[in-house]
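Inspection log for the structure reproduced underneath, given as structure tokens.
Everything quoted here is computed from the prediction, not taken from an experiment.
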Amino acid sequence: MTNRLDTVRMLGDRCDICGIEEIRVLHMVKRDGTPQPRGKFRVPYTDWLLLIRDNLDDFRLVCSNCHWLETQNKKQPRSTLAAGVRAVR
């Protein structure tokens, strides 16, 4: 049986960016940044875990905060984000 906990352990049990070890906030993402299939192309979760296990070198663990920041930095340069945050304060 494939389960998330075993797959997370195989990927190293911690965020690749900040090192947090709280399993509840860890996301399994592709190293190349391509998104997980969605909509009609979405695969069942157990099949997704098997895909990760068969291709461990293509995936990594990232916590929800680091994942969000990475996604935002791809959409908008960091300096622009920082300027927007300062303007709100």
### Query
Heavy-atom distance under 4.5 Å between the side chains of Ser64 and His27, does that happen here?
yes
#### Entry: Polar side-chain atom of Asn55 near backbone of Asp58 as donor-acceptor pair, under 3.5 Å
no
## Note on the structure
Rounding to 0.5 Å, atoms CD1 (Ile20) and CG (Asp13) come to a distance of 12.5 Å
### Message
Any side-chain to backbone donor/acceptor pair from Arg4 onto Ile23? Under 3.5 Å, distance only.
### Response
yes
### Query
Quick one: does Thr34's side chain have a donor or acceptor within less than 3.5 Å of a partner on Lys30's backbone?
no
#### Entry: same_hphob_cluster(Val25, Met28) at 4.5 Å side-chain heavy-atom cutoff
yes
### Task
Enter the distance from Asp54:CG to Phe59:CZ here, rounded to the nearest 0.5 Å.
10.0 Å
#### Entry: Taking every non-hydrogen atom, the tightest pair across His67 and Val62
N-CG1, 3.3 Å
### Query
Considering only heavy atoms from C-beta outward, does the side chain of Leu26 approach that of Cys15 to under 4.5 Å?
yes
### Message
Rounded at 0.5 Å granularity, tell me how far CG in Leu61 sits from CG in Asp16.
### Response
6.5 Å
### Message
Can you tell me how far apart CE (Met10) and CG (Leu56) are? Round to the nearest 0.5 Å.
### Response
6.0 Å
### Message
Just verifying a value: how many Å separate Asp47 CG and Ile52 CD1, rounded to the nearest 0.5 Å?
### Response
11.0 Å
## Note on the structure
Value for OH (Tyr45) from CG (Asn3), rounded to nearest 0.5 Å, stands at 9.0 Å
### Message
Less than 4.0 angstrom from a charged side-chain N to a carboxylate O is my criterion; do Glu70 and Arg60 meet it?
### Response
yes
### Message
Once side chain to side chain donor-acceptor pair (under 3.5 Å) is applied, do any residues pair with Asp57, and if so which ones, sequence neighbours excluded?
### Response
none
